[in-house]
Structures are given as C-alpha cells and as structure tokens.
Visitor: 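Take this structure, written in structure tokens, and hold onto it; I'll ask about it next.
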Amino acid sequence: MIEGWSVVPVRAAVEAAGPNAEVVHGDGVTFAYGADALVVIADAGDRTHGNAVDNANTLMLREPLPSEATQWIDSKNKSGQPLLGFVKMADGCLALGELYQACSIYGGTDLSTGEQGSLTFARLTWDKRLPPDLLDKVLPTPALPVPGIDWLDDVPQDLTRALQSFLIGWYADVPMPPAPPPRAAMTLPPPLLAFHDIAAGREELLGRQDFIEPLDEIEYLEDEPLVVFAAENQGVWVASIDPTDDDPVVWYDGGPERLRERERLGGFLLQFALNEAVNTSPFSGFATITPEVLDRFVEDLVPVPLQPMRVPGDPTRHWVAPGLVAVAADYGESGIWLSVGSRQRSALRPLRSRLDWEHFNG
C-alpha cells in the first residue's frame, strides 16, 4: 500500500463504530453505527450514478439508501459523532479518515411543519486527497474505446454532418428509443430541424445546462420576426433566429443590448453541443487559469475550427481529443474558466497532473 495510507480488515473497519455496532447494507455501501462513530464503507469500483468514491477526496451517496442509515446520519449530525470513511478493496478496507458532509439533499420535507424528510443525496469529503496510483485502485476503470474526432474534417464544408457525427459518437451509450419525428409548427432552418432529428427520443441531447427549445415550444419574439430557439438555464440569455433563413444569424437577448453571435446557426449548434458535452459529462474537471497556462494545456489538443462563441464568456473556445472536449471561457479580470469533460474516465486520466484543478473526477 502507498505510504501514508492504511488498509485494515473489514471487521476492523466495522468495529471503528464501537462495540456491538449495528450494520446495514445498501447498493455498493455498508453502514455501521455505534457509540463511537458512524462508519461508511464504500465498495471499490466506478459507479457513476451509485454509491461510490467520485474523485480523490469525494464520496457520493445516492438514494435509495437504507432507512436506518439516513436516520443514523441525521442522529450523527445532532450528536456530533465522527463520520469515518473506508473503501472496501480486495485486500481490506482503505481508511479515508473523517468524512464531512459538503452537500446533503433531503426529500419529502413537510413545508407546513418544516419537518425534514429523508436523506436522498450526500457528497462527503475528506482532507487528504488520494494519490493517482491509489485512486486507480479505488476506481478501477477499463480503458474502453472512445469516440474519435474525424467529425472535425466535416466542419469546414458540412456543419450538420459534423454535428451529427459528433453527437452519435459522444452519446453512443445513451439509448435511442423509437420516437416519432419531431414536428414544428412553423418553417424552421434545416440545421435546427436536423439537430432535432438527431436528438429525437433522447432529450439529453437538447441540453441539461442550457437547452435547445423543443420544436413545439418555439415561438416568435413579441412584435419581431425572430423566434426563440435556445436559452440559458437561469434565463440570463435567450437565442433567437430568423426562421425563414436557411442558416440564419444567431442573436442573444438578455443583456443591456442585443448581441450577434460570430457563427451562424450551423456553427452555433455544434458549439452548443460541445458546451453541453462538457457540462453534462459524468467525468470532468474545472480550473481557473491564465492565457499562458491555457496555451500550454491545449498543445496536445485539436482546436475546433470555428470562431469563438460569445457565451458563456467572450471569447469561448473549444478543443477536442478522442473522447474529450475542452472549453475555455474568458471572463476578463476573473480569469479563463477551463472545463474538460468525457463520458469515460480513462480519457481524462492523462490530464490529472497538468493543472491544479479546483474540481477533477477523472
């Protein structure tokens, strides 16, 4: 085992809760509650949507959780008992140390009485980050095939085909259920109709951070010949186009003045898809950096040959590699916000040591 980290037998991990501890099991996790502590033992393994270690110092708990465990967590919060973390591996339990609840979500809260409902989600953290070699043992992730970047060849001459190839490759793991072709209540530009054809039956492709409006919800701006087809998640901006143009200019409303996007609709839709690919990736990283650091970071990545976007920062630029998208949004004095994302952890692992990440779960 790596110096500074200890592995104890499973029995010893349970006994850390105190004598005669109560034990319950959930999906990929075991809880032990006693007079001395509440112990959480997560199984090693990469479970993106389950109970598992998420990155070098974060453990996620997600519903359904054993009812006893949610009661114990609530009791621990009131009593001040320590919360101790372990990861169950082949040779025993890796001791993480004391855990802290960085974020907790409770469901079913009674608004009339204020009585808190049951715990449905918790993000637990600990002080000492796992070194990369140890993290790989905690999160054994096979190096699976990743989507390529051949779609870049189509960007100069056929943006719709490039968008289609990117989306099909990036979301290959998202089921495509049979779905009737979407219908619009008005004439709309071919690039937008093609985007909806690709996304049919898979709402995730329309965006989770920001979003493309469903075809049947696209409406005209009041007293203007423009329709709103996309929006920022908190209403900071909406994007509009002339629906009669085959590849119209994209306009932003929401600030002190209307802004024109640099790329027309076809380019905007590809850049939107790249932004969402990063924002919704199960494996991602984020850092605030300088222009000089960005130049070094992207040396091995391929730039997407489109003009920079105006949102979320101006300029916002994109780079790609197999299975990886990087977005850099320039916020002026606040720095450049660099985000990277992948649907496979293995694609991010080479980036671990490149930056002092503010968040990284690759």
Visitor: When you measure from the side chain of Arg310 to the backbone of Asp314, do you find a donor-acceptor pair of N or O atoms at a distance under 3.5 Å?
Guide: no

Visitor: Donor-acceptor pairs under 3.5 Å, side chain of residues 24-34 to any protein atom, not counting sequence neighbours: which ones?
Guide:
| residue | atom | partner | partner atom | Å |
| --- | --- | --- | --- | --- |
| His25 | ND1 | Thr30 | OG1 | 3.0 |
| Tyr33 | OH | Ser75 | OG | 2.9 |
| Tyr33 | OH | Gln81 | OE1 | 3.4 |

Visitor: Specify the closest pair of heavy atoms between Ala17 and Val39, including all atoms of both residues, with the distance to one decimal.
Guide: N-CG2, 3.6 Å

Visitor: Give, for atom CD of Glu22 and atom CG of Leu38, the distance between the pair rounded to the nearest 0.5 Å.
Guide: 11.0 Å

Visitor: Please table the atom pairs, donor to acceptor, closer than 3.5 Å between any side-chain atom in residues 316-332 and protein atoms at least two apart or in another chain.
Guide:
| residue | atom | partner | partner atom | Å |
| --- | --- | --- | --- | --- |
| Thr316 | OG1 | Val311 | O | 3.4 |
| Thr316 | OG1 | Gly313 | N | 3.1 |
| Thr316 | OG1 | Gly313 | O | 2.6 |
| His318 | NE2 | Asn275 | OD1 | 2.7 |
| Asp330 | OD1 | Gly332 | N | 2.8 |
| Tyr331 | OH | Pro312 | O | 3.4 |

Visitor: Quick check for you: to the nearest 0.5 Å, what is the distance between Arg208 atom CZ and Ser281 atom OG?
Guide: 13.0 Å

Visitor: Tell me whether Glu292 is salt-bridged to Arg296, with the criterion being a basic N under 4.0 Å from an acidic carboxylate O.
Guide: no

Visitor: When you look at Phe166 and Ile168, which way does the side-chain contact (heavy atoms from CB on, under 4.5 Å) test go after all the steps?
Guide: CA-CA 6 Å; Phe166 169 73; Ile168 289 174; over 6 Å; no

Visitor: For the CD1 atom of Ile241 and the CG atom of Leu221, what is their distance to the nearest 0.5 Å?
Guide: 10.5 Å

Visitor: Kindly give the heavy-atom pair with the smallest separation between Asp245 and Arg264, and that separation in Å.
Guide: OD2-NH2, 3.3 Å

Visitor: Checking Val278 against Val340 for the side-chain contact (heavy atoms from CB on, under 4.5 Å) test, could you report, in this order, the C-alpha distance in whole Å, the side-chain angles of both residues, the deciding distance, and whether it holds?
Guide: CA-CA 6 Å; Val278 172; Val340 295; 5.8 Å; no

Visitor: In the structure I gave you, are the side-chain heavy atoms of Asn361 and Ser284 within less than 4.5 Å of one another anywhere?
Guide: yes

Visitor: So with a 6.0 Å cut-off around CD of Glu203, is the heavy-atom count from everything else above 12?
Guide: no

Visitor: In terms of hydrophobic clustering (I, L, V, M, F, W, Y; side-chain heavy atoms under 4.5 Å; direct or indirect links), are Val40 and Met89 co-clustered?
Guide: yes

Visitor: Any idea which heavy atoms bring Gln101 and Ser104 closest together, and the distance?
Guide: NE2-OG, 2.6 Å

Visitor: Would a single hydrophobic cluster contain both Leu294 and Phe360, if residues Ile, Leu, Val, Met, Phe, Trp and Tyr are joined by side-chain heavy-atom contacts under 4.5 Å?
Guide: yes

Visitor: Any side-chain heavy-atom pair from Leu338 and Phe286 closer than 4.5 angstrom?
Guide: no

Visitor: Heavy atoms only: give me the nearest Trp126-Ala56 pair and the separation to one decimal.
Guide: CZ2-O, 3.3 Å

Visitor: Picking from Phe272, Phe268, Phe195, what satisfies ring-ring contact (aromatic ring centres under 6.0 Å, His included) with Phe229?
Guide: Phe268

Visitor: Identify the two heavy atoms, one from Leu205 and one from Ala199, that lie closest to each other, and give their separation to 0.1 Å.
Guide: CB-CB, 3.7 Å

Visitor: If you measure from the Lys or Arg side-chain nitrogens to the Asp or Glu carboxylate oxygens, is any gap between Asp54 and Arg123 under 4.0 Å?
Guide: no

Visitor: For the residue pair Arg62 and Phe121, would you count it as a cation-pi contact if the rule is NZ or CZ under 6.0 angstrom from the ring centre and within 45 degrees of the ring axis?
Guide: no

Visitor: With the threshold set at 4.0 Å, does a side-chain nitrogen-carboxylate oxygen contact exist between Arg352 and Asp136?
Guide: yes

Visitor: Test of understanding: clusters of I, L, V, M, F, W, Y form through side-chain heavy atoms closer than 4.5 Å, transitively. Do Phe297 and Ile149 belong to the same one?
Guide: no

Visitor: Below 4.0 angstrom, N of the basic side chain to O of the carboxylate: do Arg161 and Asp154 qualify?
Guide: yes

Visitor: With rounding to the nearest 0.5 Å, note down the distance linking OG in Ser67 to CH2 in Trp72.
Guide: 9.0 Å

Visitor: Under 3.5 Å, is there a donor-acceptor pair linking the side chains of Gln209 and Thr280?
Guide: no

Visitor: Pair Tyr171, Glu204 - check side-chain hydrogen bond (donor to acceptor under 3.5 Å, both in side chains), show working.
Guide: CA-CA 9 Å; Tyr171 295 101; Glu204 181 172 351; 5.2 Å; no

Visitor: Just wondering, do Glu232 and Gln234 contact through their side chains at under 4.5 Å, heavy atoms?
Guide: yes

Visitor: Would you say Leu265 and Val249 make side-chain contact, with heavy atoms under 4.5 Å?
Guide: no

Visitor: I'd like to check Glu263 versus Pro308 (side-chain heavy atoms, cut-off strictly below 4.5 Å). Are they in contact?
Guide: no

Visitor: Taking the side chain as every heavy atom from C-beta outward, state whether Leu130 and Leu94 have any atom pair closer than 4.5 Å.
Guide: yes

Visitor: Main chain of Ala44, side chain of Arg47: is a donor-acceptor contact present, judged purely on distance under 3.5 Å?
Guide: yes

Visitor: Which pair of heavy atoms, one from Ala16 and one from Asp36, lies closest together, and at what distance?
Guide: O-CB, 3.9 Å

Visitor: Any link between Leu348 and Leu274 through a network of hydrophobic side chains (Ile, Leu, Val, Met, Phe, Trp, Tyr) touching at under 4.5 Å?
Guide: no

Visitor: Between Tyr100 and Leu59, is there a shared hydrophobic cluster once you connect ILVMFWY residues whose side-chain heavy atoms come closer than 4.5 Å?
Guide: no

Visitor: For Asp216, is the CG atom crowded, meaning more than 12 foreign heavy atoms sit under 6.0 Å from it?
Guide: yes

Visitor: Would Val53 and Thr58 count as a side-chain contact (heavy atoms from CB on, under 4.5 Å) if you check the C-alpha gap in whole Å, the side-chain angles of each, and the deciding distance to 0.1 Å?
Guide: CA-CA 6 Å; Val53 169; Thr58 305; over 6 Å; no

Visitor: Please report the interatomic distance CE(Met60) to SG(Cys103), rounded to the nearest 0.5 Å.
Guide: 8.5 Å

Visitor: Set out, in order, the CA-CA distance, both residues' side-chain angles and the distance that settles salt bridge (charged side-chain N to carboxylate O under 4.0 Å, His left out) for Arg258 and Asp253, then state yes or no.
Guide: CA-CA 5 Å; Arg258 178 170 287 172; Asp253 286 289; 2.9 Å; yes

Visitor: Is it true that atom CG of Asp295 has more than 12 heavy atoms of other residues, nucleotides or ligands lying nearer than 6.0 Å?
Guide: yes

Visitor: Passes side-chain contact (heavy atoms from CB on, under 4.5 Å), Thr288 versus Ile336? Steps please.
Guide: CA-CA 6 Å; Thr288 305; Ile336 296 173; over 6 Å; no

Visitor: Do the charged groups of Arg345 and Asp46 touch, with an N to O distance under 4.0 Å?
Guide: yes

Visitor: Taking atom CG of Leu215 and atom CG of Leu192, what is their separation to the nearest 0.5 Å?
Guide: 6.0 Å

Visitor: Between Asn55 and His359 (side chain of the first, backbone of the second, donor and acceptor by atom type, cut-off under 3.5 Å), is there such a pair?
Guide: no

Visitor: Do Val227 and Leu188 come within less than 4.5 Å of each other through their side chains, counting heavy atoms only?
Guide: yes

Visitor: Just wondering, do Glu276 and Asp210 contact through their side chains at under 4.5 Å, heavy atoms?
Guide: yes

